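Structure, as structure tokens:
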Amino acid sequence: DCDGVDYTQFCNGRVLTDAQQQTADFILQNKRCYVFNGMGTGKTMSSLMAILVLARIHPEYRFLIISSKTVLASAWVPEVESVCPYLPLVLAEGSMDKKMDVLYDFKKKFVGISADSLHLVPLETFDVVIADEATLFKGAQGIRGTKRGKCMCFIAGSAKTDRLILMTGTPRAHNCMDAYGLYYIMNDKQRKYNVEHGCNTGDNKIYNKVQFREKVCVPMTFRDYMVYKNCKDEKTWDNIKHSVSGGLYADLPLDKFIDLLNHAGRDAVCMWVERPNANEILLDLLSPAIAFRTEDVLDLPDCPIVDVCV
């Protein structure tokens, strides 16, 4: 039973904040979930508490922490050594042989690996997978995704993976489509099942990338874009060249670019613009999720702006 856990027996004298306790409870209550807590809110400690509870309930479980080398060394290793030295976090690092020895040693229950070595992780070997700073996998977008993203999808979709937690404080680092990778990792397994069984409709529908984009964005034609940007001078035209199709025509001479627009038609779609309520739509798509803002959790002092001469 994961409800009403007393974390004092796990935290080795550390005092958890309310946000950390609520986040740990949330992770335990949802087998596949997102944690969007801001930087400094204690995501590592929260997930570690959930791991310790699960390790007691399911001593046979193996846990995999995926992150950057820096985060593993600076956040996870010190936290684990401080809280639970009896369950050491073993890093799969060094040569390929050393990494494989750690990954295939089933006596090592708690393993950490960098996102760049994810292709070495064998399927069907870990029960709980936690991706810390999950935006590392925003390139997970199907057959055209990045190698790192594809590997993350294979692990997330493994029959052995009983729990999946994707953690990041910036689910949409630059724009709302950055969040599609997280959505894809979490839902690809269920989407394939739905499509195979003909039930990918209504409330059960899980979107592919094109459908996801249509949910959070609206298409803008060349004509609309020129009105939107109030195109009157060559500088604005240059901005359009850099915006259309991700900058594909940035180096094209202006006269040839205008010929291209005329040939394509001013009513052709040139770009996608976020809907006014894109954030609300994302919150609905990326669920279940928990999010605490840094300023709501930490008592930050007012910081005046000071001019510094170097």
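All figures in this text were calculated on a predicted structure; none of them were measured in a lab.
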Residue pair [X] / [Y]: nearest heavy atoms and the distance that separates them:
X: Y34; Y: L182; value: OH-O, 3.2 Å
X: A179; Y: L282; value: CB-CD2, 4.0 Å
X: V83; Y: C11; value: CG1-CA, 4.0 Å
X: P85; Y: E81; value: CD-O, 3.7 Å
X: A115; Y: I66; value: CA-CG2, 4.0 Å
X: Y7; Y: M49; value: CD2-CB, 3.8 Å

Would you call [X] and [Y] a side-chain contact if the rule is heavy atoms closer than 4.5 Å?
X: L285; Y: Y207; answer: yes
X: V102; Y: L91; answer: no
X: V111; Y: I65; answer: no
X: F10; Y: C84; answer: no
X: R172; Y: K138; answer: no
X: F63; Y: L54; answer: yes
X: R14; Y: M45; answer: yes

Please list all pairs meeting ring pair (Phe, Tyr, Trp, His ring centres under 6.0 Å) that have one or both residues in residues 101-128, counting only residues at least two apart or in different chains.
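Listed once each, the pairs would be none.
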Flag for [Y]-[X]: side-chain donor and acceptor within less than 3.5 Å:
X: Q190; Y: N194; answer: yes
X: Q20; Y: S46; answer: no
X: K99; Y: S117; answer: yes

Let me see the working for W76 and V71 under side-chain contact (heavy atoms from CB on, under 4.5 Å), right down to the final yes or no.
CA-CA 7 Å; W76 278 94; V71 171; 4.0 Å; yes
Are [Y] and [X] connected into the same hydrophobic cluster when the rule is that any two of I, L, V, M, F, W, Y join if their side-chain heavy atoms are below 4.5 Å apart?
X: M167; Y: L283; result: no
X: Y86; Y: I57; result: yes
X: F154; Y: Y193; result: no
X: Y184; Y: V210; result: no
X: L52; Y: V77; result: yes

Within the distance-only criterion (no hydrogens, no angle test), does the side chain of [X] pair as donor or acceptor with the backbone N or O of [Y] below 3.5 angstrom?
X: D178; Y: H174; result: yes
X: Q211; Y: N208; result: yes
X: S74; Y: T70; result: yes
X: N187; Y: Y183; result: yes
X: S47; Y: T44; result: yes
X: T41; Y: F292; result: no
X: S67; Y: D132; result: yes
X: R62; Y: L103; result: yes

side-chain contact (heavy atoms from CB on, under 4.5 Å) assessment of V5 paired with L28
CA-CA 10 Å; V5 177; L28 292 171; 4.1 Å; yes
Decide salt bridge (charged side-chain N to carboxylate O under 4.0 Å, His left out) for K160 and D127; before the verdict, give the C-alpha distance in whole Å, the side-chain angles of both, and the deciding distance to 0.1 Å.
CA-CA 6 Å; K160 175 77 169 174; D127 303 274; 3.3 Å; yes
Got more than 12 heavy atoms from elsewhere within 6.0 Å of [atom1], [X]?
X: K98; atom1: NZ; value: no
X: K189; atom1: NZ; value: yes
X: Y61; atom1: OH; value: yes

Do R275 and E280 sit within salt-bridge range, that is, some charged N less than 4.0 Å from a carboxylate O?
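No, this pair does not count.
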Regarding E133 and K43, does a basic nitrogen lie under 4.0 Å from an acidic carboxylate oxygen?
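Looking at K43 together with E133, the answer is no, because their closest N to O distance does not fall below 4.0 Å.
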Nearest 0.5 Å, what's the [atom1]-[atom2] distance between [X] and [Y]?
X: D116; Y: S114; atom1: CG; atom2: OG; answer: 5.0 Å
X: L87; Y: I51; atom1: CG; atom2: CD1; answer: 8.0 Å
X: K107; Y: D105; atom1: NZ; atom2: CG; answer: 7.0 Å
X: T170; Y: M39; atom1: OG1; atom2: CE; answer: 10.0 Å
X: L118; Y: K150; atom1: CG; atom2: NZ; answer: 13.5 Å
X: E274; Y: M177; atom1: CD; atom2: CE; answer: 10.0 Å

Take R163 and N30 through the test side chain to side chain donor-acceptor pair (under 3.5 Å) and record every step on the way to the result.
CA-CA 8 Å; R163 289 175 175 265; N30 296 275; over 6 Å; no
Going through the distances and angles, do I185 and L164 end up as a side-chain contact (heavy atoms from CB on, under 4.5 Å)?
CA-CA 10 Å; I185 292 169; L164 175 67; 4.2 Å; yes
What residue among T23, T294, T168 forms side chain to side chain donor-acceptor pair (under 3.5 Å) with N37?
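The option that passes is T23.
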Check each of D188, L166, L136 against M152 using the side chain to side chain contact (heavy atoms under 4.5 Å, CB included) test, and report the only one that passes.
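Answer after filtering D188, L166, L136: L166.
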Should K209 and E214 be marked as a salt bridge (charged side-chain N to carboxylate O under 4.0 Å, His left out) after you check the CA-CA gap, both sets of side-chain angles, and the distance that decides it?
CA-CA 9 Å; K209 186 175 182 180; E214 291 173 347; over 6 Å; no
With side chain to side chain donor-acceptor pair (under 3.5 Å) as the criterion, how do D6 and T8 come out once you've worked through the C-alpha distance, each side chain's angles and the decisive distance to 0.1 Å?
CA-CA 6 Å; D6 178 12; T8 57; 2.6 Å; yes
Check step by step if side-chain contact (heavy atoms from CB on, under 4.5 Å) holds for L64 and I130.
CA-CA 6 Å; L64 180 66; I130 297 178; over 6 Å; no
